J.: 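Can you keep this structure in mind? I'll have questions shortly.
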There are 2 protein chains.
Amino acid sequence: MEKQTITIYDVAREANVSMATVSRVVNGNTNVKPATRKKVLEVIDRLDYRPNAVARGLASKKTTTVGVIIPDMTNMFFASLARGIDDVAAMYKYNIILANSDSNGEREVQVLNTLLTKQVDGIIFMGNEITPELRDEFRRTKTPIVLAGSIDEENVNPSVNIDYVAAVQEEVKNLIDRGNKKIAFVCGPLSQAINSKYRLKGYKEALKSAGIPYDEKLVFETDNSYKSGMLLQPALSSMGVTAAMVSDDELAAGIMNGMTDAGVKVPSEFEVITSNDTKIAEIVRPKMSSITQPLYDIGAVAMRLLTKLMNNEEVTEKNVLLPYGLMKRDSTK
Amino acid sequence: MEKQTITIYDVAREANVSMATVSRVVNGNTNVKPATRKKVLEVIDRLDYRPNAVARGLASKKTTTVGVIIPDMTNMFFASLARGIDDVAAMYKYNIILANSDSNGEREVQVLNTLLTKQVDGIIFMGNEITPELRDEFRRTKTPIVLAGSIDEENVNPSVNIDYVAAVQEEVKNLIDRGNKKIAFVCGPLSQAINSKYRLKGYKEALKSAGIPYDEKLVFETDNSYKSGMLLQPALSSMGVTAAMVSDDELAAGIMNGMTDAGVKVPSEFEVITSNDTKIAEIVRPKMSSITQPLYDIGAVAMRLLTKLMNNEEVTEKNVLLPYGLMKRDSTK
DNA sequence: CTGAAAGCGCTAACAG
DNA sequence: CTGTTAGCGCTTTCAG
């Protein structure tokens, strides 16, 4: 009644060879006489033998699975990266264990540890922030870890990103060049380096170059949700801003819809630029202008990088910056 | 230089007990004297011992990981289900191996097999269609499989869904009651049972009850993409339809934007109802009326069901239908 | 309550 | 080119 697992031993017996030989043909080792290989293959087929990856993992110390820590797979931005990760992983015969962390530091540490316990060959981390505790854990393990679309201030781990500072700076400069004097900067938690140390920096530099004084009151810190964006309209309007640089597409969509609902015309009275160029930017009306990021590629390149690390290959470029772009749509003049 | 893995054996030696005892305390077995437990726990802590899940999996034949096959994690509908799956999985100490299939039958079979190879304890399948080959594979394995938000015409596997027929029927009836005579039915491939055997059936039944003859020309088969929706406007307009029942949110958003761009007023001249109530329905303007599905819950319940199956618990309801709703927004009168 | 011992199914030297 | 032999790190009877 029990699952009658057939093992490498059964195949060996039926084929009159040793386990080692079966193992060799299963693993594509070339040192097997064609005739023997054929015979073994036949038996494998006849018995419908399937290697047990767990046993293999124990013996070889390789599981061909990588862990992927993601804040929320329901967030288009991260989902897009993850898709790139999975595709490249599949290409290299890896599977991914996907774990949502909700950007919760404790949960991230916990997830990391269970991933390590499961002996993943490598890990890709996506997150808005790397807590000191998490960084400690990163340092403790020998398992390669690469960051995808995520900032580590201390830059110890390999990573794949775009140049957030330059991208924001460029967009804000354009806003200024079109005559905007009061430009809001709306972003997620400033506790996250990507917002405070990168995007905000780009914003400030653009202002500085244009000789516009930085006004803290034009910085709106919120969470990256649609609803928060919707609720921001009164605050934005009361400050008299004529444009906003926003760190997240859902947030930006909320802001835009909130303004529109309040009778503010986009883009003639209010311009908005978003940052991630997910599907949402194109679906809303007016379509949103955005920094374009090669989302899929960020994930794909990160996974590719990880394969090299897992393979102990030489890696020349540890912190990859992929090119970004600026997509002009209908939410800007 | 090598990773100095410390094993259960090291702990046993340091604590002056046997491996068996260490194993017991690690696994929370109650038959251990408190003093012994304490001593072992101390050593575990001091040595920073972490059980190797692979070895454990080999010995116990349980991996505490489940496989999740998903068409595309970048699709909000499936991503939402998957989120529910992962949360419940985490609750029960499982991890998920997530694999994208692109709804490709061959790929699905292949993925299923590598999942089985990895000895997952169970599988959740999401897909628009179950090919005969895939169904064969399902039948061959003893590993429990449950379908989430996915139709199997032959109903052999446990599943969690909503009543698509009734939901569509109800929405179309409302459309008819508001005076619409020519109602388009727009969906993904009719080769998929969920479209042809369920949704379309609901559409037909609603027409029938109202005494409206079924017109094949009002059925538009496409893929579930935003772009396809955008391109449908001329065809829709030329047929003189005043409303559409759509099977997917991105598709519906495309249709709505396409109509709007062509100068057709929604909802006064054209009503549209979508089916999945993802974030997109709320973000577009006008907001789309939709069948509401408890997306997260479908995944969550499916995973919960799977835990029971993996545990050999009695399952009374094999094919679960969760309640759906109708959300009136601004794309309908 | 605890220990000894036998595997789980496979890989990886090492011989030959 | 192929077989032998150890394990990989842990769980699980079976005794005691």
Side-chain angles (χ1 to χ4, degrees), chain A residues 2-41 43-44 47-65 93 114 116-121 142, chain B residues 2-41 43-44 47-65 93 114 116-121 142:
Chain A
E2 270 314 293
K3 177 145 68 183
Q4 171 78 50
T5 45
I6 84 124
T7 74
I8 200 173
Y9 179 77
D10 300 313
V11 177
R13 182 169 30 72
E14 289 288 313
N16 290 312
V17 296
S18 71
M19 293 167 54
T21 300
V22 177
S23 177
R24 284 188 191 99
V25 348
V26 167
N27 291 295
N29 188 315
T30 48
N31 289 355
V32 180
K33 186 160 50 166
T36 316
R37 173 187 305 284
K38 185 153 174 291
K39 183 172 58 176
V40 172
L41 251 16
V43 176
I44 285 180
L47 264 44
D48 193 29
Y49 163 73
R50 316 198 186 181
N52 178 324
V54 173
R56 197 190 286 219
L58 183 58
S60 69
K61 297 181 175 306
K62 287 194 194 319
T63 54
T64 64
T65 109
K93 310 287 183 202
T114 101
L116 257 16
T117 264
K118 296 217 168 168
Q119 313 297 120
V120 295
D121 296 334
K142 270 195 56 180
Chain B
E2 269 315 292
K3 177 144 71 184
Q4 171 77 50
T5 45
I6 84 125
T7 75
I8 200 172
Y9 179 77
D10 300 313
V11 177
R13 183 168 30 73
E14 289 288 313
N16 290 312
V17 296
S18 69
M19 293 166 53
T21 300
V22 178
S23 176
R24 283 188 190 100
V25 348
V26 167
N27 290 294
N29 189 314
T30 48
N31 288 356
V32 181
K33 188 160 50 165
T36 315
R37 172 186 306 284
K38 185 155 174 290
K39 184 172 57 177
V40 172
L41 251 16
V43 175
I44 286 180
L47 265 43
D48 193 29
Y49 163 71
R50 314 196 187 183
N52 177 324
V54 173
R56 199 192 286 222
L58 182 57
S60 69
K61 297 180 176 307
K62 288 193 194 322
T63 53
T64 64
T65 109
K93 310 289 182 200
T114 101
L116 257 17
T117 265
K118 295 216 169 168
Q119 314 298 120
V120 295
D121 297 335
K142 271 195 56 179

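For clarity, every value in this text was computed on a predicted model and none was experimentally measured. Just so we're on the same page: letters track the sequence lines, and every chain starts at 1.
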J.: Taking the side chain as everything from C-beta on, heavy atoms only, tell me whether B/V17 gets closer than 4.5 Å to B/V40.
T.: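 Yes, close enough: below the 4.5 Å cut-off.
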J.: Would you say a side-chain N or O of A/T36 is under 4.0 Å from OP1 or OP2 of D/dC1?
T.: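 A/T36 to D/dC1 OP1/OP2: no side-chain N or O under 4.0 Å.
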J.: Is a donor-acceptor pair below 3.5 Å formed from side chain A/R50 to base C/dG9, judging by atom type as modelled?
T.: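 Per atom types, no contact qualifies.
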J.: Let's see if you can work this out: which of C/dT2, C/dG9, D/dG3 has an atom nearest to the side-chain heavy atoms of B/K33?
T.: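 Of all the options, the side chain of B/K33 is nearest to C/dT2.
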J.: Is B/V17 touching bases, backbone alone, or none of the nucleic acid, heavy atoms closer than 4.0 Å?
T.: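 Sugar-phosphate: the residue B/V17, judged by heavy atoms under 4.0 Å, touches backbone atoms but no base.
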J.: Are side-chain N/O atoms of A/T114 and B/K93 paired as donor and acceptor at under 3.5 Å?
T.: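 Distance-only check fails for A/T114 and B/K93.
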J.: Look at the side chain of A/I8 and decide which nucleotide, out of C/dT11, D/dT2, D/dT11, has an atom nearest to it.
T.: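 Given the options C/dT11, D/dT2, D/dT11, the side chain of A/I8 is closest to C/dT11.
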J.: Does a side-chain N or O of B/T21 approach OP1 or OP2 of C/dG3 to a distance below 4.0 Å, or not?
T.: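 Indeed, a polar side-chain atom of B/T21 lies that close.
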J.: Report which part of the nucleic acid B/S23 touches: base, sugar-phosphate, or nothing (heavy-atom distance under 4.0 Å, all strands).
T.: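 If one applies the 4.0 Å heavy-atom cut-off, B/S23 turns out to touch a base.
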J.: Would you say A/N27 places a side-chain N or O within less than 4.0 Å of OP1 or OP2 belonging to C/dT11?
T.: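 For A/N27, the contact criterion (side-chain N or O under 4.0 Å from OP1 or OP2 of C/dT11) is met.
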J.: Does D/dG3 have OP1 or OP2 under 4.0 Å away from a side-chain N or O of A/S18?
T.: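 Yes, within the criterion.
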J.: Check this one for me: any side-chain N or O of A/Y9 less than 4.0 Å away from OP1 or OP2 of D/dT4?
T.: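 So the side-chain polar atoms of A/Y9 never come under 4.0 Å of the phosphate oxygens OP1 or OP2 of D/dT4.
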J.: Does C/dT11 have OP1 or OP2 under 4.0 Å away from a side-chain N or O of A/R56?
T.: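 Affirmative; the distance criterion is met.
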J.: Using a cut-off of less than 4.0 Å, is there contact between a side-chain N or O of B/K61 and OP1 or OP2 of C/dG9?
T.: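 So the side-chain polar atoms of B/K61 do come within 4.0 Å of the phosphate oxygens OP1 or OP2 of C/dG9, strictly under.
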